[in-house]
There are 2 protein chains.
Amino acid sequence: MLKISKKADYALMALQHIALVQFGDVTPGRVVNTKEIAEEYNIPLELLAKVLQALSKNGMIESHNGPKGGYLLARNASHITIAQILESIEGPLGLTDCSHEKDGDFCMQREHCNIRTPLLKVQDSIYQLLNSMTLQDMMGGTPLITIQSPSTQGVNR
Amino acid sequence: MLKISKKADYALMALQHIALVQFGDVTPGRVVNTKEIAEEYNIPLELLAKVLQALSKNGMIESHNGPKGGYLLARNASHITIAQILESIEGPLGLTDCSHEKDGDFCMQREHCNIRTPLLKVQDSIYQLLNSMTLQDMMGGTPLITIQSPSTQGVNR
DNA sequence: TGATCTCCGATCTAATAGGTCGGACTAAAG
DNA sequence: CTTTAGTCCGACCTATTAGATCGGAGATCA
Ligand code: FES
Ligand code: FES
């Protein structure tokens with residue numbers, strides 16, 4: 001349940017890769033093209049292209065056309081949150097269809113609905129969670145890897 | 001994004017309704033049948049039936065057959081969490097396809113994947129959030145319902 | 001100017017969620 | 001005991017969306 005789409009998945013990988021290249025110690029400021037990412041992570045080329053297009057349109061990255069072209073991070077990695085990335089691909093966060101009350105878009109259950117308010121509360125919590133984590137954090141700003149000793153292997157859960 | 005399925009949605013409504021009837025002041029211990037819930041919330045009858053079947057199979061509710069039959073909450077409302085309900089309908093929580101590492105089920109990106117660990121962390125946080133909220137909480141343990149006076153009727157959005 | 005590499009829009013296919021149908025069972029009423 | 005009405009239950013079909021693909025337009029560098 002609560003699975004994110006493959007496209008969103010690819011978006012996260014691509015962005016982190018770009019961030020790594022751009023702010024890494026090796027070749028800072030280098031542009032990175034679609035093909036490079038696709039081959040590195042075994043992602044269908046054309047599909048990844050569409051994902052990057054969407055990210056570009058939403059202001060996450062900048063596109064540079066022509067030969068030697070490619071993509072560049074639009075702003076610092078610490079200012080790009082997971083929530084922003086996911087919303088660029090999958091649209092606004094919403095646990096139910098009726099989360100965003102547009103006029104005339106009533107779900108049949110609205111009138112007698114007993115779960116709307118609590119669900120919105122949960123939804124908001126999730127959003128804060130996703131919006132508090134940035135690309136910077138994913139790259140290694142915070143120690144995310146949990147080392148487990150061989151003796152406890154396969155024990156947890 | 002992160003939308004839960006209609007079926008899960010219906011499950012939440014149904015369970016809360018049952019809990020309300022069973023632990024409410026009016027008719028405690030009464031069994032409630034599928035038709036009653038379907039009509040109350042405008043849910044397709046047959047579909048709701050399937051949802052309740054799944055909930056029964058997963059030990060959330062008990063089914064009583066025959067005339068005057070129906071469903072009954074399996075245990076106290078404070079011991080049923082949102083996470084349990086959702087997992088009964090939609091399967092285990094997992095942001096990506098490769099969250100639960102079954103043998104031989106490797107995603108193409110696994111080897112060079114750079115987002116696995118951080119995503120698992122996020123996923124765990126979400127799970128704790130969902131697992132900390134119970135039916136009891138949804139019913140009114142916390143004041144969730146907003147009362148509106150007749151004069152303001154039809155004004156809000 | 002020419003060639004090459006990129007972005008970009010529209011199109012097709014596979015998977016899944018949403019919804020529907022008829023049969024099997026149980027318990028109460030006659 | 002028999003009948004009968006109302007329930008749960010499993011398998012089936014359809015509509016929507018996500019996943020993946022194709023070919024063309026535009027831009028840059030040699
Ligand atoms: S499900 Fe739409 S308002 Fe509750
Ligand atoms: S997406 Fe499968 S391991 Fe990262």
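Below, chains carry the letters A, B, ... as their sequence lines are ordered, and counting in each starts from 1. No hydrogens, no waters, no symmetry mates; every other heavy atom, side chains included, goes into these values.
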I need the CD1-P distance between B:Ile4 and C:dT16, as an integer number of Å.
19 Å

Measure the distance from NZ on A:Lys3 to P on D:dA18 and round it to the nearest whole Å.
13 Å

To the nearest Å, give me how far apart CG (B:Leu45) and C1' (C:dG22) are.
14 Å

Using a 4.0 Å heavy-atom cut-off, does A:Lys35 contact any base of the nucleic acid, only the sugar-phosphate backbone, or nothing at all?
nothing

Any pair with a residue in residues 30-71 of chain B that passes ring pair (Phe, Tyr, Trp, His ring centres under 6.0 Å), sequence neighbours left out, goes on the list, sorted by first then second residue, please.
B:His17-B:Tyr41

Let's go through B:Glu62 and B:Arg75 carefully: what are the C-alpha distance in whole Å and the side-chain angles of both, what is the deciding distance for salt bridge (charged side-chain N to carboxylate O under 4.0 Å, His left out) to 0.1 Å, and is it a yes or a no?
CA-CA 9 Å; B:Glu62 286 180 3; B:Arg75 54 182 181 278; over 6 Å; no

Any side-chain N or O of A:Thr34 less than 4.0 Å from the OP1 or OP2 oxygen of C:dC7?
yes

If you look at every heavy atom in A:Gly69 and A:Val31, which pair is closest and at what distance?
O-CG2, 4.0 Å

When the distance from NZ of A:Lys6 to C1' of D:dT21 is rounded to whole Å, what number comes out?
17 Å

CD of B:Glu46 versus C1' of D:dC12: gap in Å, rounded?
13 Å

Taking CD from B:Glu36 and C1' from D:dG6, how many angstroms apart are they, rounded to a whole number?
15 Å

If you measure from the Lys or Arg side-chain nitrogens to the Asp or Glu carboxylate oxygens, is any gap between B:Lys35 and B:Glu40 under 4.0 Å?
no

Could you check whether any side-chain heavy atom of A:Asp9 comes within less than 4.5 Å of a side-chain heavy atom of B:Asp97, counting everything from C-beta outward?
no

Does any non-hydrogen side-chain atom of B:Val122 lie less than 4.5 Å from one of A:Ile82?
no

Given C:dT11, C:dG18, D:dT7, which nucleotide is nearest the side-chain atoms of B:Asn33?
D:dT7

Do B:Asp124 and B:Leu120 have side-chain heavy atoms sitting under 4.5 Å apart?
no

Rounded distance (Å) that lies between atom P of C:dG18 and atom CD of A:Gln109
12 Å

Tell me: CG of B:Leu48 to P of C:dG18, nearest whole Å?
13 Å

Under 4.0 Å between a side-chain N or O of A:Tyr10 and OP1 or OP2 of D:dA18?
no

Which residues within residues 52-73 of chain A lie with some heavy atom under 4.0 Å of an atom in DNA chain D?
A:Asn65, A:Gly66, A:Pro67

